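This is a predicted model, so every value here is computed, not measured. Labels below follow one simple rule: chain letters A, B, ... track the order of the sequence lines, proteins then strands, and each chain is numbered from 1.
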Protein chains: 2
Amino acid sequence: MYYTIGEIAKKLNLTTYTLRYYDKEGLLPFVERDGNGIRRFKDSDLEWLSIIECLKQTGMPLKDIRVFIDWSIQGDDTIAQRLELIRCQREAVQQQIEQLHQTLKTLDYKCWYYEKAKEAGTCEIHRQLTAKDVPDEFHDVFCRLHHLSPDDAQGKQSKAG
Amino acid sequence: MYYTIGEIAKKLNLTTYTLRYYDKEGLLPFVERDGNGIRRFKDSDLEWLSIIECLKQTGMPLKDIRVFIDWSIQGDDTIAQRLELIRCQREAVQQQIEQLHQTLKTLDYKCWYYEKAKEAGTCEIHRQLTAKDVPDEFHDVFCRLHHLSPDDAQGKQSKAG
DNA sequence: ATACTCCTTACAGTTCGCTCTAAGTCAAGG
DNA sequence: CCTTGACTTAGAGCGAACTGTAAGGAGTAT
């Protein structure tokens with residue numbers, strides 16, 4: 001079963017521009033052509049594209065993804081390198097998740113901040129509130145935002161945002 | 001206590017170029033100048049910059065962060081909008097975390113795939129292996145990668161990567 | 001025949017987020 | 001007085017990842 005570039009684009013929610021761009025960048029060396037030079041995508045190409053998509057999600061630049069593809073095409077001699085690369089990206093993703101949890105906590109604090117301000121009708125309310133009025137769960141976020149050491153937050157007030 | 005742009009750059013691990021660029025883009029309207037036009041950063045500006053950093057981490061483009069800053073400068077009339085925006089970014093971050101967990105699972109599968117291949121000395125091993133040889137935890141990843149419905153994975157073999 | 005649609009290539013243009021250069025100002029130190 | 005070094009601006013340049021255009025070809029529909 002073969003697919004045209006347009007069908008694949010639709011299936012994967014990409015544009016044909018993007019797919020041709022990937023091909024030009026050497027990410028799709030596995031895609032065959034018919035007698036007229038028209039790309040014929042196979043089911044196994046969809047698998048390749050899923051892997052490319054996965055690596056893109058890790059934040060890997062296209063030229064590095066290309067290296068991985070090249071290794072894969074090269075064959076069994078590069079298995080160890082490919083394993084190493086995947087493990088490395090795994091680590092990177094774990095760190096990104098951790099980072100996003102931090103970001104989420106900061107946004108939670110900001111939600112609380114603006115909910116309080118909305119109740120009061122003014123951000124001025126946070127001049128009265130000090131660290132001890134801030135819910136415990138936001139204590140460390142509060143300190144991070146104010147560039148304070150965690151035990152040095154008694155009387156601090158928010159002036160920004 | 002005032003800081004120069006160079007001191008702030010060092011403190012936040014940015015370049016002075018970046019900070020001036022942010023200023024040019026309207027992200028730092030709160031930064032004061034001395035008589036010679038030199039930027040004087042205050043402690044509360046560090047708090048602003050932390051918030052900018054947080055929003056950047058959510059993937060928000062600088063021009064949208066600028067909107068948030070503008071609202072903040074405008075004052076209490078925009079509290080509801082700001083709350084809305086923060087809640088929206090919170091949602092976005094939760095989705096990103098979910099997405100990264102998917103990506104992590106895919107990488108875990110790929111680790112397993114290459115560990116098996118490394119043991120065997122060849123990726124050919126995965127031609128023998130079928131869905132029932134794939135550990136249960138990877139079943140759904142396996143199906144996703146092969147664009148299969150989850151109950152239709154009996155005899156499928158990997159050809160890519 | 002001719003219109004339509006989908007494909008092809010080559011290459012130009014766009015957006016984002018910096019990154020750097022050039023030319024100049026100012027304050028401190030020898 | 002002169003150099004050094006950190007600051008200023010305007011504006012050019014860059015790399016990544018698309019995004020779009022122009023010109024053309026093949027296959028089908030009327």
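- Residues that satisfy the side-chain contact (heavy atoms from CB on, under 4.5 Å) test with A:Lys105, not counting sequence neighbours, are A:Asp140, A:Val141.
- Taking the salt bridge (Lys or Arg N to Asp or Glu O under 4.0 Å) definition, one finds that A:Glu115 meets it with B:Arg87, sequence neighbours left out.
- Under the side-chain contact (heavy atoms from CB on, under 4.5 Å) criterion, B:Ser50 pairs with A:Leu145, A:His147, sequence neighbours left out.
- Here the P atom of nucleotide D:dA17 and the CG atom of A:Leu55 are 13 Å apart, to the nearest Å.
- A heavy atom closer than 4.0 Å to some atom of DNA chain C occurs in no member of residues 57-70 of chain A.
- Summarising the geometry, the separation between CZ on A:Arg40 and C1' on C:dT8 is reported as 16 Å, rounded to the nearest angstrom.
- Rounded to an integer number of Å, the gap from A:Leu14 CG to D:dA17 C1' is 12 Å.
- For A:Asp108, the salt bridge (Lys or Arg N to Asp or Glu O under 4.0 Å) test picks out B:Arg90, with sequence neighbours left out.
- A salt bridge links A:Lys42 with A:Glu32; the closest basic N to acidic carboxylate O contact falls under 4.0 Å.
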List every contact pair, protein side and nucleotides 6-10 of chain D side both N or O, where the distance is under 3.5 Å.
from: D:dC7; atom 1: OP1; to: B:Thr4; atom 2: OG1; distance (Å): 2.9
from: D:dC7; atom 1: OP1; to: B:Gly6; atom 2: N; distance (Å): 2.9
from: D:dT8; atom 1: OP1; to: B:Arg39; atom 2: N; distance (Å): 3.0
from: D:dT8; atom 1: OP1; to: B:Arg39; atom 2: NH1; distance (Å): 2.8
from: D:dT8; atom 1: OP2; to: B:Arg20; atom 2: NE; distance (Å): 2.8
from: D:dT8; atom 1: OP2; to: B:Arg20; atom 2: NH2; distance (Å): 3.0
from: D:dT8; atom 1: OP2; to: B:Arg39; atom 2: NH1; distance (Å): 3.2
from: D:dT9; atom 1: OP1; to: B:Arg33; atom 2: NH1; distance (Å): 3.0
from: D:dT9; atom 1: OP1; to: B:Arg33; atom 2: NH2; distance (Å): 3.1
from: D:dT9; atom 1: OP2; to: B:Arg39; atom 2: NH1; distance (Å): 3.3
from: D:dT9; atom 1: OP2; to: B:Arg39; atom 2: NH2; distance (Å): 2.9

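- Listed by chain and residue number, nothing satisfies the salt bridge (Lys or Arg N to Asp or Glu O under 4.0 Å) test with A:Glu91 (two or more places apart in sequence, or in another chain).
- In this structure, CG of B:Asp34 is placed 11 Å from P of C:dC26, rounded to the nearest angstrom.
- With sequence neighbours excluded, no residue satisfies side-chain contact (heavy atoms from CB on, under 4.5 Å) with B:Asp136.
- Every pair tested for salt bridge (Lys or Arg N to Asp or Glu O under 4.0 Å) that includes a residue from residues 1-21 of chain B fails, sequence neighbours excluded, so the list is empty.
- When the C1' atom of C:dT15 is taken as reference, atom OH of A:Tyr21 falls 13 Å away, rounded to whole Å.
- In terms of phosphate contacts, B:Tyr22 brings a side-chain nitrogen or oxygen within less than 4.0 Å of OP1 or OP2 of C:dC18.
- Note: CG (B:Leu27) to C1' (C:dC18) measures 13 Å, nearest angstrom.
- Remark: A:Tyr17 is not in phosphate contact with D:dT21, judged by side-chain N or O atoms under 4.0 Å from OP1 or OP2.
- Listed by first and then second residue, the salt bridge (Lys or Arg N to Asp or Glu O under 4.0 Å) pairs involving residues 51-65 of chain A are A:Glu53-A:Lys56 (not counting sequence neighbours).
- The end-to-end axis angle of the helix from C:dA1-D:dT30 to C:dG30-D:dC1, rounded to 10 degrees and based on five pairs per end, is 20°.
- Between B:Asp23 and B:Arg33, at least one side-chain nitrogen of the basic residue sits less than 4.0 Å from a carboxylate oxygen of the acidic one, meeting the salt-bridge criterion.
- In this structure, A:Lys56 places its NZ atom 15 Å from P of D:dA16, rounding to the nearest Å.
- With sequence neighbours excluded, the residues that form a side-chain contact (heavy atoms from CB on, under 4.5 Å) with B:Tyr21 are B:Glu25, B:Leu62.
- Look at CD1 on A:Ile8: it is 16 Å from P on C:dC6, rounded to the nearest Å.
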